[in-house]
Amino acid sequence: MGAMSTRATEAAGAPAPGARRFPDGFVWGVSTSSHQIEGGNANNDWWDFEHDPHSGCLEPSGDACDSRHRWPEDIALVSGMGLSAYRFSLEWSRIEPAEGEFSAAEIDAYRRMCARCREQGVIPAITFNHYTMPLWLYRRGGWEAPEATDRFVRLCERANQGIGDLIGMAVTLNEPNVMGVMGYTQGEHPPGVKDLTRHLAINDVLIAAHRKTVDALRAGPGDYPIGMGLSMAELHADPGGEVVQEASEEILENNFLRGAAGDDFVGVQCYTRLHLGPEGEAPADPEVPKTQMGYEFWPQALEYCVRRTAAYTGLPVVVTENGIGTDDDTERIRYLSEALDGLHRCVEDGIDVRGYFVWTLLDNFEWTHGYGPKFGIHSVDRTTFERREKPSARWFSQVARANALPPAQA
Ligand code: BGC
């Protein structure tokens with residue numbers, strides 16, 4: 001993978017005695033996605049889904065964080081924290097609002113964002129697809145339409161022509177494994193289907209789409225590391241759940257991890273632990289506190305998933321998302337800090353971990369759950385869109401600037 005040099009680590013002062021350092025050049029960033037922060041993405045599948053009274057969505061995305069207009073503020077926040085990377089996604093429905101009609105102005109808008117990042121010493125980490133697709137393709141069957149992969153690859157090629165020279169790192173698809181399970185088995189994301197056979201077919205489509213996208217991006221301008229962002233969890237077998245655990249690991253993660261062969265890195269996105277019993281997903285451990293998402297508060301999952309990914313694939317790992325939905329920012333700091341303790345143990349054991357991105361910069365549109373869950377290290381006023389730093393932003397900034405965690409508590 002090409003070097004992802006980092007301003008923050010270069011500028012780091014002498015670490016405190018006993019500080020737990022990360023490797024030189026380690027990337028510290030925050031992740032976001034277009035539909036969750038831009039606002040007004042009325043021409044995509046998610047907008048359609050969130051306005052469908054039967055979808056189970058709690059509220060529509062509306063103006064989101066108005067990052068469509070306020071992206072300079074967002075980048076200033078990232079740069080002001082001394083972070084080395086900002087991960088954001090391209091909104092396909094803006095770039096190609098009708099089939100084959102590409103918007104030069106929209107590509108240029110993303111180019112200006114990349115350029116602003118570069119001016120401020122921040123690596124633009126581009127996600128080519130973070131769940132959403134244009135309505136014209138959704139109405140034709142979405143990822144089940146025979147032409148979907150070709151259309152996506154073409155979109156990536158066109159966008160890459162416009163911004164590839166500025167990209168510092170790329171994620172092809174965000175969590176294709178979640179698009180599969182949530183869209184086609186659990187029915188909680190578009191297209192709201194509950195059919196395992198279709199889910200398995202979509203998994204294959206998305207893995208193939210990823211591979212074709214990697215080839216297409218490598219053939220275009222720019223020279224940057226490419227991977228996919230995979231949703232990973234500590235999948236725990238409760239008594240009698242071993243067979244289900246193994247099957248789940250295969251369908252949800254392993255087939256995608258094999259699909260990463262040849263990539264520059266695997267993007268691990270991790271939030272919690274899940275229990276599997278003989279009948280499928282089993283209840284969470286009542287002894288473990290729950291987050292706003294109903295997940296177990298389980299920061300240990302990150303270490304587990306990073307170790308497993310590295311061992312399974314032999315590839316470098318970038319933690320492209322890790323975070324917690326909570327109203328209590330002290331709890332967020334505790335979660336992030338414990339997750340990073342585990343990540344540092346991975347580094348100490350020689351695992352090739354290249355970077356860590358917090359999910360997320362701003363409180364934003366949490367898909368089916370609307371604006372309830374607070375994953376941001378900044379709050380956003382829902383009327384004025386004013387961004388306000390939370391203590392976790394200051395805390396994370398200190399870690400990034402030092403490129404180290406404080407000494408371990410005895
Ligand atoms: C997704 C994000 C989402 C986050 C928190 C990840 O699975 O990539 O879009 O907001 O988890 O639930």
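Each ligand, and each atom within it, is numbered from 1 in the order the structure gives.
Summary of contacts: the protein heavy atom closest to atom 7 (O) of ligand 1 is E175 OE1, 2.5 Å. The protein atom (non-hydrogen) at minimum distance from atom 4 (C) of ligand 1 is Y271 OH, 3.4 Å.
A distance of 6.0 Å or more separates the ring centres of W92 and F128. Under the 6.0 Å cut-off for aromatic ring centres, F357 and W359 do not qualify, their centroids lying 6.0 Å or more apart.
Proximity to H130 (heavy-atom distance under 4.0 Å) selects the following atoms of ligand 1: 1 (C), 2 (C), 8 (O), 9 (O). For ligand 1, the atoms sitting less than 4.0 Å from at least one non-hydrogen atom of Q269 are 8 (O), numbered in the order shown with element in parentheses. Those atoms of ligand 1 that come under 4.0 Å of a heavy atom in Y131, given as number and element, are 1 (C), 7 (O), 8 (O). Proximity to N174 (heavy-atom distance under 4.0 Å) selects the following atoms of ligand 1: 8 (O).
With atom 1 (C) of ligand 1 as the reference point, the heavy atom nearest to it among H369, Q36, E321, E366 is part of E321.
Each of E234, E296, Q300 was checked for a side-chain hydrogen bond (donor to acceptor under 3.5 Å, both in side chains) with R273, and the lone residue meeting it is E296.
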For this session: Take E73 and R387 through the test side chain to side chain contact (heavy atoms under 4.5 Å, CB included) and record every step on the way to the result.
Result: CA-CA 9 Å; E73 275 177 63; R387 282 91 164 112; 3.5 Å; yes
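Ring geometry for Y271 versus Y295: interplanar angle of 30 to 60°, hence tilted. Using cut-offs of 30° and 60° for the angle between ring planes, the W367 and W46 rings count as tilted.
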